[in-house]
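Only this structure's heavy atoms are used, side chains among them; waters, hydrogens and symmetry mates stay out.
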Amino acid sequence: MYWLKLTLRNALRHKLRTLLTLLGLLVAILSFGLLQTVVDAWYTGANSAAPDRLVTRNAVSLVVPLPIHYRDKIRGLDGVRSVAAANWFAGVYQEPKNFFPQFAIDAAPYLAMYPEYRIDSDQLREFMRDRKGVVIGRKLADTYGLKLGDVLPLRGTIFAGNWEFVIRAIYEGATPRTDTSQMFFHWQYLDETLRAKAPQRSSMSGVFVVQVTDISRAAEISAEIDAMFRNSPAETLTETEQAFQIGFIKQTEAIVIAIRIVSFVVIFIILAVMANTMAMTARERIAEYATLKALGFGPVFLGGLIYGESLAIALSGAALGIAFTFPVAGWFGAKMGTLFPVFEVSNETVWLQLSCAVVVGITAALLPARRAARVRIVEGLRAIG
Amino acid sequence: MSEEPAVAIRRLTKAYRRGGQVVPVLNDITLDIPAGDYVALMGPSGSGKSTLLNLIAGIDRADGGELRVAGADINMLDEAELADWRARSVGFIFQFYNLMPVLTAFENVELPLLLTGLSRGERHSRVEAALEMVGLADRMEHYPSELSGGQQQRVAIARAIITDPVILVADEPTGDLDRASADDILALMGRLNTELGKTIIMVTHDPYAAQRARSIRQLEKGELRGTLKAAPEGKS
Ligand SMILES: Nc1ncnc2c1ncn2[C@@H]1O[C@H](COP(=O)(O)OP(=O)(O)OP(=O)(O)O)[C@@H](O)[C@H]1O
Ligand SMILES: [Mg+2]
């Protein structure tokens with residue numbers, strides 16, 4: 001009790017200094033949390049992958065498509081419940097910065113494989129009936145103020161030309177972590193258009209999503225699919241949806257690593273600030289430490305005071321930083337729109353923030369505590385006059 | 001007198017090393033201070049008074065000789081034992097009071113009791129009694145910054161006696177006070193000696209302060225120069 005009293009009063013002794021340190025901690029812990037959340041957002045796709053879904057792609061590269069007739073061959077395999085073509089479209093909506101994922105899909109099997117995309121049955125019927133129809137996610141709709149019946153024009157990049165779609169359905173996510181920033185339209189429509197304009201590119205699909213009946217056989221079936229097309233002009237590579245997503249994210253890994261580095265640099269800087277504050281504090285109090293020692297208090301008590309004060313400041317700063325992380329992340333996520341389909345502060349992020357604060361608190365107290373423990377009483381007492 | 005002296009010093013030496021050069025501070029000091037004595041240690045600046053006092057109080061280490069204080073051969077104790085011994089046996093009164101600025105007068109006095117096994121209730125009644133004794137019963141909740149120098153020194157004295165130590169050491173306890181406050185402090189120290197029977201060793205430059213002690217020892221260039229004033233019996 002006494003120790004706590006002494007510790008807290010010491011922490012509040014230089015109000016301005018403590019306030020500035022708290023402010024620094026707040027900003028650092030907040031920035032760390034936001035950057036960590038950006039990294040999490042990057043991996044959302046991988047985290048929401050289902051274990052019963054496999055992705056088959058061209059073994060050479062993701063940008064080389066596969067012949068559409070593979071679909072039937074894969075479907076014929078034992079243990080395969082369903083197969084759907086899915087083709088990355090990469091159209092531009094108004095301007096390039098308005099990024100959101102667009103896929104041309106075999107609508108019926110594909111949507112059946114993704115129960116986490118919840119679609120009203122009437123809307124689904126409308127979508128299935130309209131060859132130019134699209135399904136868009138709730139977040140995408142809200143970001144650009146899109147409604148059912150609206151025309152959605154896209155400027156093609158991979159598939160040149162101006163494309164016009166009509167919004168027929170809006171899907172909701174089954175959980176808050178479901179990506180609702182995507183757009184889906186009929187692969188059939190893409191293929192028909194290509195057949196007319198660029199026939200050599202028709203009858204192809206970027207990937208096939210394969211649903212297996214038994215997840216324990218996923219690896220076996222992946223191998224069977226790839227074996228089936230070995231030594232053909234378009235060999236395949238089949239992996240779980242999660243592995244596929246991670247591979248996809250890996251392409252942008254340099255950015256993720258940069259963000260991670262920056263987030264730890266921020267923590268390192270606040271550690272330096274905090275260490276300086278504690279060193280300054282301990283230097284001023286050398287005579288007090290010497291007095292306590294003369295009275296018979298040992299290094300453990302002195303260390304307790306210094307570690308306690310340092311941790312009290314670090315944890316208060318972290319509490320503020322964490323409290324601010326949620327509203328700021330909310331605002332930031334909204335600002336980023338469909339670029340980050342899911343932008344939520346995870347529990348792990350909060351734990352990381354707390355751990356960083358504890359590490360900062362302890363490390364900053366290390367040298368001052370050692371100094372206080374070692375100071376010779378007579379020398380420390382002289383520091384007063 | 002069959003009783004062991006409170007302080008028994010034999011051939012005590014202390015030197016400082018500064019850049020390869022050895023500066024002797026105390027040479028071959030031999031001195032007994034009987035229990036219940038009140039000694040003023042005088043001498044020119046740099047003569048080693050504080051050094052000797054610090055050795056007696058167990059906050060500095062001698063180079064050689066024997067040093068028995070309050071029944072312990074303190075040269076032989078390790079740091080932790082010495083700290084325990086100080087907490088039990090020595091009360092400190094400093095020139096600049098050395099109170100904890102973030103603690104009230106009450107809490108400052110209570111501080112040394114945290115090293116004892118006393119209950120909260122026992123601690124509180126002791127602290128109240130000590131503050132009563134130094135005449136600050138009405139200032140318990142004041143912080144050092146809200147007290148005059150003399151009052152702060154009285155808080156420090158209450159802190160020094162709170163664990164009921166055998167000896168009190170005071171290094172220029174009135175050095176930072178005006179005459180009136182100094183008188184108060186000296187009167188209080190006299191009472192600690194006569195009423196509580198504390199053995200007091202006080203370093204001072206002030207002959208007037210020294211006169212209030214029972215005996216005066218003169219230190220010059222690290223050596224004791226005899227007793228200037230024999231312990232007068234019945235002095236109050
Ligand atoms: N840490 C140290 N290193 C080197 N020399 C020291 C140290 N401490 C004290 N001395 C020297 O020891 C001598 C005695 O010092 P001490 O403080 O005991 O003197 P003093 O009699 O208390 O003087 P004053 O009346 O000025 O307080 C002085 O010459 C001083 O310079
Ligand atoms: Mg001195």
Query - Residues B:D60 and A:R376 bridged, charged N to O under 4.0 Å - result: yes
Query raised in the report: Between A:G296, A:A294, A:A290, which shows the greatest number of heavy-atom pairs under 4.5 Å with chain B?
Result: A:A294
Requested in this report: Please look at B:L111 and chain A and tell me whether the side chain, the backbone, both or neither of the residue comes under 4.5 angstrom of a heavy atom of that chain.
Outcome: both
**Report entry** Interface moiety of B:L114 toward chain A, non-hydrogen atoms closer than 4.5 Å
**Finding:** side chain
Query raised in the report: Are B:E110 and B:R120 within salt-bridge range, i.e. N to O under 4.0 Å?
Result: no
Requested in this report: Answer with side chain, backbone, both or neither: which region of B:E107 has an atom nearer than 4.5 Å to a non-hydrogen atom of chain A?
Outcome: both
Requested in this report: State whether B:Y16 and B:K14 meet the cation-pi test: NZ (Lys) or CZ (Arg) under 6.0 Å from the six-membered ring centroid, and within 45° of the perpendicular axis.
Outcome: yes
Requested in this report: Would you mind checking which part of B:R61 comes under 4.5 Å of any heavy atom in chain A, side chain (CB onward), backbone (N, CA, C, O), both or neither?
Outcome: neither
Query raised in the report: Are any non-hydrogen side-chain atoms of B:L192 and B:Y38 less than 4.5 angstrom apart?
Result: no
Query raised in the report: Just by distance, do the side chain of B:K49 and the backbone of B:H205 share a donor-acceptor pair under 3.5 Å?
Result: no
